[in-house]
Amino acid sequence: MSAGYPNIRLRRTRATAWSRALHREVLVTPADLIWPLFVTEGHGVEEPIGSLPGVSRWSVDLVAERAREAAAAGIPCIALFPNTQAERRSENGAEALNPDNLMCRAIKAIKDACGESLGVLTDVALDPYTSHGQDGLIDDEGYVLNDATVDVLVGQSLNQAAAGADIIAPSDMMDGRIGAIREALEEAGHINVQIMAYAAKYASAFYGPFRDAVGSRGLLKGNKKTYQMDPANADEALREVELDIAEGADSVMVKPGLPYLDIALRVKETFQVPVFAYQVSGEYAMIEAAASVGAGDRDALVLETLLAFKRAGCSGVLTYHALHAARLMGA
Ligand code: PBG
């Protein structure tokens, strides 16, 4: 007697809807999602972003409403990114330290509106505040200085924590910043403010629409290859994660998402820590572009990509499709 076909028929468990439901290995729910939101100055302002169809920048009053909708849809956390006015940007990004900057006002408005029903994750890096669009302080040659930048990032983190941020998410890729930020948060008494480290962040071509959204695309000279990772490297991502965990990160992020699914899986299998994937702006734009020319069904494409992250072991996904996806799941 052979142990194979026809006794073994893998199609048996797929034959009916109830059986497919019963054998499903992973599940994606609204609780797996983090929704990134862009903030702009003004009142009652919505500014659509051309390269991100369906995504807008919102003024503080409206971003608080969006946050309320997210919580109502079962999304546990939102991520905030400011579009700082040109006149508030500078060579050293000092606006990042202003306790009344756009980011801090948005954090407070959302915490007032949603309280403990919604977590607020804040991006730490200087690119929304610098006149040159780099994530840190630069020297005469435009090289991003590590240690001087870390000092500013620590101040930026404390500023966001004081405003009420729940998760500090450094996306800058400077060496040693997680330990420095953790130490400063502890000293300031923010012992329960988490750090989600953008541990494996790649110098990616998928960030274009995001740079439009925060207004840094036209400003950025050169690239970010001296601090963000080379897309050719995987072992190095594990070293980044190991260090960030050792320095006190509560969770780590892999970014972009689908093109780096192998990294997410290896990180999870190696370290057994909470791993999040950032399905970035260019990935969102790709799905929307495919759907708009009829190359695929938008809702199905969105849900299928989210399942990929869950299979890879991710605890959750930052995605611009979060509210849409949460509503699909609830329907
Ligand atoms: C910058 C930052 C970037 C993103 C999040 N934080 C862009 C960059 O590194 O240039 C990209 C997110 C996206 O593309 O959706 N600190």
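One-based numbering, in listed order, for ligands and for the atoms of each. Values below: all heavy atoms of this structure, side chains included; hydrogens, waters and symmetry mates excluded. Position 1 is the first residue of the sequence, and the numbers go up from there.
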Participant: Tell me the contacting part of Val280 for ligand 1: side chain, backbone, both, or neither, using a 4.0 Å heavy-atom threshold, strictly below.
Facilitator: both
Participant: With a 4.0 Å cut-off, would you call Asp230 and Lys225 a salt bridge?
Facilitator: no
Participant: Give the atom numbers and elements of ligand 1 that come within less than 4.0 Å of a heavy atom of Gln228.
Facilitator: 8 (C), 9 (O)
Participant: Not counting sequence neighbours, which residues clear ring-ring contact (aromatic ring centres under 6.0 Å, His included) with Tyr260? List them please.
Facilitator: Tyr202
Participant: Which of the atoms of ligand 1 are close to Asp123, meaning less than 4.0 Å from one of its heavy atoms?
Facilitator: 6 (N), 16 (N)
Participant: Is Ser281 touching ligand 1 with its side chain, its backbone, both, or neither, if touching means heavy atoms under 4.0 Å apart?
Facilitator: both
Participant: For the atom pair SG (Cys77) and CD (Gln194), what is the distance rounded to the nearest 0.5 Å?
Facilitator: 8.0 Å
Participant: Are Arg211 and Asp127 ion-paired here, with the side-chain N under 4.0 Å from a carboxylate O?
Facilitator: no
Participant: Check this for me - ligand 1, Arg211, N or O atoms closer than 3.5 angstrom, yes or no?
Facilitator: yes
Participant: Do Glu288 and His321 get their side chains close enough for a donor-acceptor pair, meaning under 3.5 Å?
Facilitator: yes
Participant: Counting each atom of ligand 1 from 1 as listed, which ones have a heavy atom of Tyr278 under 4.0 Å away?
Facilitator: 12 (C), 15 (O)
Participant: I want to know whether Phe309 and Phe276 have ring centres closer than 6.0 Å.
Facilitator: no
Participant: How long is the straight-line distance from CG of Leu303 back to CZ of Arg298, given to the nearest 0.5 Å?
Facilitator: 12.5 Å
Participant: Counting non-hydrogen protein atoms only, what is the nearest one to atom 8 (C) of ligand 1? Give residue, atom name and distance.
Facilitator: Lys224 NZ, 3.3 Å
Participant: Is it true that Arg266 and Glu269 make a salt bridge, defined as a side-chain N closer than 4.0 Å to a carboxylate O?
Facilitator: no
Participant: Should you measure from each heavy atom of Asp127, which atoms of ligand 1 turn up under 4.0 Å away?
Facilitator: 1 (C), 2 (C), 16 (N)
Participant: State if Tyr320 counts as touching ligand 1 under the rule of any non-hydrogen atom under 4.0 Å.
Facilitator: yes
Participant: Which ligand 1 atoms are under 4.0 Å away from a heavy-atom of Ala125?
Facilitator: 16 (N)
Participant: Does the distance from a Lys or Arg side-chain N to an Asp or Glu carboxylate O, for Arg88 and Glu41, drop under 4.0 Å?
Facilitator: no
Participant: Please list, in number order, the atoms of ligand 1 under 4.0 Å from a heavy atom of Lys255.
Facilitator: 2 (C), 3 (C), 4 (C), 5 (C), 6 (N), 11 (C), 12 (C)
Participant: Select the closest option to atom 3 (C) of ligand 1 among Tyr207, Tyr198, Phe210, judged by heavy-atom distance.
Facilitator: Phe210
Participant: For ligand 1, is Glu283 a contact, meaning one of its heavy atoms is under 4.0 Å away?
Facilitator: no
Participant: Nearest non-hydrogen contact with atom 16 (N) of ligand 1 belongs to which option: Ser171, Gly282, Gly136?
Facilitator: Ser171
